[in-house]
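A, B, ... follow the sequence lines: proteins, then strands. Residue 1 opens every chain. Just so you know, these numbers use all the heavy atoms, side chains as well, and skip hydrogens, waters and symmetry mates.
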Amino acid sequence: MIEDVIRTGLHQALEKYGIYEDDIAIVVGKPRERSHGDLSTNLALALAKRLDRKPREFAGELAAGISFPKDVIESVEIAGPGFINFRVARPYQVGRLLEIASGEALADIRTGGGKRINVEFVSANPTGPLNVVSARAGAFGVTLVNLLDAVGYDAHSEYYVNDSGRQIQLLGQSLRAHYMQLRGDVVEFPADGYLGRYLEIMAAELLDHDSEAIQRAASAFDDESFQRVVAPEGNADDWLELPEDKSVRCFAKYALMKILSWQRETCRRFGLRFDTWYFESELHETKRIERALDKLRKANAIYEEQSAVWFRATDYGDEKDRVVVRADGRPTYFVADVAYHYHKFQRGFERAIDFWGPDHHGYIARMQGAMTALGIAADWLEVQILQHVTFLEHGRPINMSKRKGLFVTMDELMDEVGADVAKYIFLTRKPNSHLDFDLDLAKEQSNENPVYYVKYAHARICSVLRTAAAAGVTVPQPDAAGLSRLSEPSEWSLVRELVRMPQVIVSAARSREPHRLTAFIHEVAGLFHQFYHQCKILGEDADVTASRLQLCLVTRQVIATILQLISIEAPESMGDKE
RNA sequence: GCGCCCGUAGCUCAGCUGGAUAGAGCGUCGGCCUCCGGAGCCGAAGGCCACAGGUUCGAAUCCUGUCGGGCGUACCA
């Protein structure tokens, strides 16, 4: 990397002053102001005091003491209070641009060595349709999976389904009550039951469905893990004949089947795919929970008190101990989660990344504590907290409650503003920023959304290429001769930005900050639009046209690469704006 | 009370490991299509970076405190 070349040169120059490589970390960065060159270091400022020198003078002396190959660094200047600014030579930039065009640049950043990483996200309770709260997690999760793959890991996306416990019983009771009400039976609705319209509709459908229709719906689940939620035999009236607890279980299973099919479809529509849907019920059936408890017991990490079983979380940095088995003998959600993550570890993942909401941050310490107690390295489980999104409608926050059936679904979000617009909005924010999402404003402005600015740049390039083809102009593959002929400032501004792509991807992956991708691609699109307005591409001198077409090709490739990482379509044309 | 996150333009948000004149989108105002797509380009207005101290040659960025907002502090999930 060019930064390393500069650092090495500076280190050599510093030896004269008795300062060696281990002594100081040289910071080389990109100055905000274009006129300050391509790269800059504050080295002289940082060392001035230590060497008792005037910064600017020292900078000049340092700069004079190093020489770089002319085809890498074009010039070195001293500026301001003592910055040393470097201008990168054009042949070097062209070389990096060609590495992007050939795919070599993307190959070079694949340094993960194929290590397996599990990324778990969304994992919404299967008690209703996915609501908008999951959209942010979805956008981040899928992008991180793509990013990790891009830097050479083997990333695996996973969705955890809480298909057991009280909430599922409640779901079954709620559907059963809705159904009985529709039949005209007098029935008491369960306290805290689910009141959403979707359950009423589901109940109405059940009235029309004979057992065959129900089995047909069930057969939509082809993959194995979903088999555990396919609807039971018979129809709803048959289920009512059963003893109440069995009856509730039949209704619960049917509801789970329907809801999971919605959730899976919503994910697909939003561009999310999961390699694994992991069901909590499997943990109970395979005795993984007992086994996790045994393992904790052997590690002396649990004890009994007041007839409950506790995990010694305080021994692992949590503020209090946590119950793992209730006094009535039922395991807690927490211990199921421990067993689940232990199984993740056993499945051979070298790291697990979970996306959680801010309401779970207090949960991190006990979870990581449990992992440590099980003998797993402290940093194996990485928890990314995605801060809360406040959805506003008519200027007021929407209070969402799944239980009361009050929420905006992800499908509604996609209907109203579109999947790509929604994703782009989430992905321009960093994960720990609280976000106000005004639905009315988003609808109103969905046509003005910045995502179209980027898509348009891509479509525009495609259009130019089509026009060129129609005019019989051959579009040349990028090469050194062609790209070196670029001469206009707007062309080089674009080149300098394009060349950053590999590092942007690496930094976004490493910091788990996908918004660096959208910031970058927006910049690229802007510079392309400027270039387009300042430089005519077709109908110029043949060489000039060829060079500019090459630049277009690389730009299109960069935009397409980034859009693919954020799961947004790169269109060849824009269609009509409403 | 304690813990986590956040306070940057009218609104929604960027600002990479402290740097040289704090940016973008939307909104407002003014220009640009006989020319490769005007979902574009050019320009203007708009900021005590919540507040107060501190560290530093240098702070939106690091530290402390204050104020304001969100969330958590379950034998719920």
Side-chain angles (χ1 to χ4, degrees), chain A residues 25 27 29-33 35-36 40-42 45-46 48-49 55 79-83 85 125 127 162 165-168 280 306-310 319-320 322-328 330-334 336-337 357-365 385 387-388 390 425 428-438 441-442 444-445 447-457 459-468 470-471 473 503-504 507-508 511 513 515-516 518-519 522-523 525-526 528-530 532-540 545 548 552 573-578:
Chain A
V27 179
K30 177 187 153 199
R32 190 164 48 216
E33 181 64 37
S35 62
H36 294 145
S40 173
T41 182
N42 63 351
L45 287 159
K49 193 166 196 184
F83 292 102
N85 297 333
N125 278 332
T127 52
N162 302 128
R166 201 177 98 78
Q167 53 173 354
I168 299 306
E280 184 189 347
Q306 295 168 345
S307 57
V309 183
W310 298 73
E319 51 191 31
K320 55 176 83 162
R322 307 291 175 176
V323 171
V324 285
V325 182
R326 300 179 180 90
D328 64 10
R330 286 153 50 232
T332 58
Y333 173 85
F334 169 54
D337 219 4
D359 49 338
H360 283 71
H361 84 260
Y363 196 75
I364 299 174
I385 294 293
Q387 285 302 324
H388 194 247
T390 306
I425 290 174
T428 48
R429 274 70 165 163
K430 57 189 168 185
N432 56 0
S433 71
H434 300 247
L435 171 59
D436 280 349
F437 194 111
D438 189 320
L441 212 59
E444 210 176 287
Q445 294 178 355
N447 274 331
E448 306 299 326
N449 191 274
V451 73
Y452 294 113
Y453 187 73
V454 175
K455 287 183 175 223
Y456 182 50
R460 200 172 220 182
I461 294 171
C462 292
S463 172
V464 170
L465 295 173
R466 278 192 300 269
T467 308
V473 177
Q503 278 317 301
V504 169
S507 80
S511 63
E513 290 186 346
H515 74 282
R516 297 187 190 193
T518 49
H522 187 265
E523 188 69 25
F528 173 76
H529 287 309
Q530 281 175 30
Y532 178 87
H533 275 272
Q534 281 166 34
C535 301
K536 198 150 170 6
I537 299 164
L538 303 176
E540 297 289 290
T545 289
R548 291 179 178 167
C552 284
S573 67
M574 292 302 282
D576 289 327
K577 190 184 177 184
E578 285 173 32

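Annotation: cation-pi pair A:R460/A:F528 absent, no NZ/CZ under 6.0 Å from the ring centroid and within 45° of its normal.
Looking at heavy-atom distances under 4.0 Å, A:P358 makes contact with sugar-phosphate atoms alone, never a base. Within 4.0 Å of A:Y532, counting heavy atoms only, lies at least one base atom of the nucleic acid. Residue contacts shown for A:Y363 include a base, since a base heavy atom lies under 4.0 Å away. Using a 4.0 Å heavy-atom criterion, one finds that A:C535 contacts the bases of the nucleic acid, with or without backbone contacts as well. Across all strands shown, A:A48 has no heavy atoms under 4.0 Å from either base or sugar-phosphate atoms. Using a 4.0 Å heavy-atom distance criterion, A:E513 is classed as making no nucleic acid contact. Across all strands shown, A:T518 has no heavy atoms under 4.0 Å from either base or sugar-phosphate atoms. Base engagement by A:A79 is indicated by at least one non-hydrogen atom pair under 4.0 Å involving a base atom. Within 4.0 Å (heavy atoms only), A:K536 reaches at least one base atom of the nucleic acid. Among the protein residues, A:K30 comes within range of the nucleic acid bases, having at least one heavy atom under 4.0 Å from a base atom. Looking at heavy-atom distances under 4.0 Å, A:N125 makes contact with sugar-phosphate atoms alone, never a base. Base contact: A:S463 has a heavy atom under 4.0 Å from a base atom. No contact: A:T390 has no heavy atom under 4.0 Å from any strand. Among the protein residues, A:Q445 comes within range of the sugar-phosphate backbone only, with heavy atoms under 4.0 Å from sugar or phosphate atoms but none that close to a base.
Here the side chains of A:N42 and A:F83 are in contact, with some heavy-atom distance below 4.5 Å. Contact annotation: the side chain of A:C552 approaches that of A:I537 to within less than 4.5 Å [non-hydrogen atoms, C-beta and beyond]. Counting heavy atoms from C-beta outward, A:I385 and A:N432 have side chains that stay 4.5 Å or more apart.
In this structure, A:N449 places its CG atom 9 Å from C1' of B:rG25, rounding to the nearest Å. For the pair A:R32 CZ and B:rA14 P, the computed distance is 17 Å after rounding to whole Å. The separation between A:F334 atom CZ and B:rU73 atom P is 14 Å, rounded to whole Å. When rounded to the nearest whole Å, the span between CD1 of A:I364 and C1' of B:rC71 equals 12 Å. A:L435 has its CG atom 5 Å from the P atom of B:rC13, to the nearest Å. In this structure, A:N432 atom CG and B:rG70 atom C1' are separated by 13 Å, rounded to whole Å. Whole-Å rounding puts the A:K430 NZ to B:rC16 C1' distance at 11 Å.
Of the listed nucleotides (B:rC16, B:rC11, B:rU73), B:rU73 has the atom at the smallest distance from the side chain of A:K320. Of the listed nucleotides (B:rC41, B:rC16, B:rU17), B:rC41 has the atom at the smallest distance from the side chain of A:Q530. Between B:rG3, B:rA39, B:rC75, one nucleotide has an atom nearer to the side chain of A:H361 than all others, and that is B:rG3. Of the listed nucleotides (B:rG69, B:rC13, B:rC57), B:rG69 has the atom at the smallest distance from the side chain of A:H434. Side chain of A:P450, nearest nucleotide from B:rC26, B:rG70, B:rG25: B:rG25. Comparing B:rA77, B:rC26, B:rC71 against the side chain of A:Y333 picks out B:rA77 as the nearest. Taking only side-chain atoms of A:Q167, from C-beta outward, the nucleotide of B:rA77, B:rA14, B:rA39 with the closest atom is B:rA77. Distance from the side chain of A:A327 is smallest to B:rC75 among B:rC75, B:rG15, B:rA39. Closest to the side chain of A:E448, from the set B:rG69, B:rG27, B:rA20, is B:rG27.
Within 3.5 Å, a donor on the side chain of A:N42 pairs with an acceptor on the base of B:rG19, or the reverse. With hydrogens and angles left out, the side chain of A:T428 and the base of B:rA24 share no donor-acceptor pair within 3.5 Å. No hydrogens or angles were tested; on distance alone, a donor-acceptor pair under 3.5 Å links the side chain of A:N85 to the base of B:rA20. Donor-acceptor pairing under 3.5 Å, judged by distance alone, is absent between the side chain of A:H522 and the base of B:rA14.
Of all nucleotides present, none satisfies the Watson-Crick or G-U wobble test against B:rU61 with each distance under 3.5 Å. B:rA50 is paired with B:rU66 under the criterion used here, namely a Watson-Crick or G-U wobble arrangement in which both key atom distances are under 3.5 Å. Summarising the base pairing, B:rG18 is matched to no nucleotide, lacking a Watson-Crick or G-U wobble pair whose two defining distances lie under 3.5 Å. When both distances must be under 3.5 Å, the Watson-Crick or G-U wobble mate of B:rA45 does not exist. Base-pair partner of B:rA39: not found among the strands shown (Watson-Crick or G-U wobble, both distances under 3.5 Å). Base-pair partner of B:rC26: B:rG10 (Watson-Crick or G-U wobble, both distances under 3.5 Å). When both distances must be under 3.5 Å, the Watson-Crick or G-U wobble mate of B:rG72 is B:rC2.
Distance noted for atom C1' between B:rA45 and B:rG1: 47 Å (whole Å).
Between A:P331 and A:L538, it is A:L538 whose nearest contact on RNA chain B lies nearer the 5' terminus. Residues A:H515 and A:A308 both approach RNA chain B. Their nearest nucleotides, taken by heavy-atom distance, put A:H515 toward the 5′ side.
The line from NZ of A:K320 to CH2 of A:W310 is 8.5 Å long, rounded to the nearest 0.5 Å. Considering CD of A:E540 and SG of A:C535, their distance stands at 8.5 Å, rounded to 0.5 Å.
Taking side-chain N and O atoms only, A:R460 has a distance below 4.0 Å to OP1 or OP2 of B:rG38.
Base orientation of B:rC29: anti (glycosidic angle beyond 90° from 0).
Checked for salt-bridge contact, A:R330 and A:D328 meet the test: a charged N lies under 4.0 Å from a carboxylate O.
In the model, A:N125 has a side-chain atom that pairs as donor or acceptor with a side-chain atom of A:Q167 under 3.5 Å.
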